[in-house]
Chemist: 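Here it is, the structure, as structure tokens.
All ligand and atom numbering here is 1-based and tracks the order in the structure. We count residues from 1, following the sequence as given. These values consider heavy atoms only, across backbone and side chains, with no hydrogens, waters or symmetry-generated copies.
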Amino acid sequence: MRLNIVCIPGDGIGPEIVTEAKKVLNKVAEKYGHEMVFTDILMGGASIDVHGVPLTDEAIAAAKAADAVLMGSIGGDTNTSPWYQLPPEKRPEAGLLKIRKALNLFANLRPAVLYEELAAACPLKEEISAAGFDILIMRELTGGLYFGERKTVEENGVRKAIDTLTYDENEIRRIAIKGFDIARKRKKKLTSVDKANVLDSSRLWRAVVNEVAKEYPDVKVEHMLVDNCAMQLVKDPAQFDVVLTENMFGDILSDEASMVTGSIGMLASASLNDTKFGLYEPSHGSAPDIAGKDLANPIATILSASMMLRYSFDLDREADAIDAAVKKVLQDGYRTGDIMSEGCKKVGCKEMGSLITERI
Ligand code: IPM
Ligand code: MG
């Protein structure tokens, strides 16, 4: 099979981790008889430095023409980087929001899994972590506060900023359908998270989720308020399977969920539209403080490449091979700094990539 993949190395540790993911994918191609065609595009700060904007129309066109996009990370230190002196629409993150919208990537899947081998890194009390957990946060990605009208005005000498949170029922329905479809393939439990005790957009969210739920009688659905969900994620994470929520809540809860695994450097993500097309990226950020030092953990990006093979190309056997190689490396005791524990062998980004590649 010929796989046309656009890569966005991006900023910070992005280029290093994408290089390792390509290494693994090339090995998969060699072993299973595929052809990987990689085309790099610029996004974020890397694009600002060359083109003055975080994402060009040409880059969007290249991404659209591909079968899937594999991304590293974008953005820099918001306190010190000159990128953050630019107007908001020219900053690195604007490129990410633009590509999500341009490619209609409305469904963001963020697994938060407690790895047996890394249980020691879990910050929760042992009596809580002992149950293990495997949560899939499904975040709506192209609506809500992120894409509503916003402006800053001055009224009678007082500055005022306005952000708008809107959802129409179609936007809610399509992510709910994706959520239920996926819940059906997992443990058949879906927790829809909202703030229906305050927000109209949440009341509509809840109503539409209930409508969709009627088509999935085999999936158990429950509704939870977002503040309670934030609490439950640290109190009893094992109660969750699929967590379905809107854009902003999903941004916050997915960071929380990934942190309680203790290994954010391990967590992949997929952003999907209605077709097989998807953008795959690690759940973590660009970590500018360790960029270029061969210290980053490439596993989240490598597992994102595995998700790409599974969701965009239906190459389950190849994806399984990557997942198994990652597991084997951990069992063999290799760790990058972020997941290091006593008695393990500490390795850098490149070596971790090579160790996984060898095990494909
Ligand atoms: C994420 C990030 C982005 C978001 C930022 C970089 C705009 O935090 O992917 O979770 O808020 O969606
Ligand atoms: Mg975030």
Chemist: Within a reach of under 6.0 Å around NZ of Lys189, are more than 12 heavy atoms found that belong to other residues, nucleotides or ligands?
Modeler: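 More than 12 within 6.0 Å, yes.
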Chemist: For a side-chain hydrogen bond (donor to acceptor under 3.5 Å, both in side chains) check, start with the C-alpha distance between Glu58 and His51, then their side-chain angles and the critical distance, and finish with the verdict.
Modeler: CA-CA 11 Å; Glu58 292 73 31; His51 301 295; over 6 Å; no
Chemist: Which of parallel (below 30°), tilted (30 to 60°) and perpendicular (above 60°) describes Phe180 and Tyr216?
Modeler: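 If you compare the ring of Phe180 with that of Tyr216, the planes turn out parallel.
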Chemist: Going by distance alone, is a donor N or O of one side chain under 3.5 Å from an acceptor N or O of the other, for Asp323 and Ser306?
Modeler: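 Checked: Asp323/Ser306 side chains pair up, N/O donor to acceptor below 3.5 Å.
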Chemist: The Mg ion (ligand 2): which protein N, O or S atoms are under 2.8 Å away?
Modeler: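 Result, waters dropped: Asp251 OD1.
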Chemist: Would you tabulate the side-chain donor-acceptor contacts of residues 337-349 under 3.5 Å, counting partners in other chains and residues two or more places apart, or write 'none'?
Modeler:
| residue | atom | partner | partner atom | Å |
| --- | --- | --- | --- | --- |
| Asp338 | OD1 | Thr336 | OG1 | 2.6 |
| Asp338 | OD2 | Asn297 | ND2 | 3.1 |
| Lys345 | NZ | Asp332 | O | 3.2 |

Chemist: Regarding Glu351 and Tyr334, is there a side-chain donor-to-acceptor distance under 3.5 Å anywhere?
Modeler: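 Result is no, nothing qualifies.
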Chemist: Can you pull the residues with any heavy atom under 4.0 Å from ligand 1?
Modeler: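 Residue list for ligand 1: Glu93, Arg100, Arg110, Arg139, Tyr146, Asp251.
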Chemist: State plainly whether the residues Asp274 and Arg174 are in salt-bridge range, i.e. N to O under 4.0 Å.
Modeler: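 A salt bridge is absent here (no side-chain N lies under 4.0 Å from a carboxylate O).
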Chemist: Can you list, by chain and residue number, the hydrophobic cluster partners of Leu86 when the side-chain cut-off is 4.5 Å?
Modeler: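 Taking Ile, Leu, Val, Met, Phe, Trp and Tyr as members, Leu86 shares its hydrophobic cluster with Ile48, Trp83, Tyr84.
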Chemist: Surrounding CD of Glu116 (heavy atoms of other residues, nucleotides or ligands, distance under 6.0 Å), is the total greater than 12?
Modeler: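 It does not: Glu116 CD has 12 such atoms or fewer within range.
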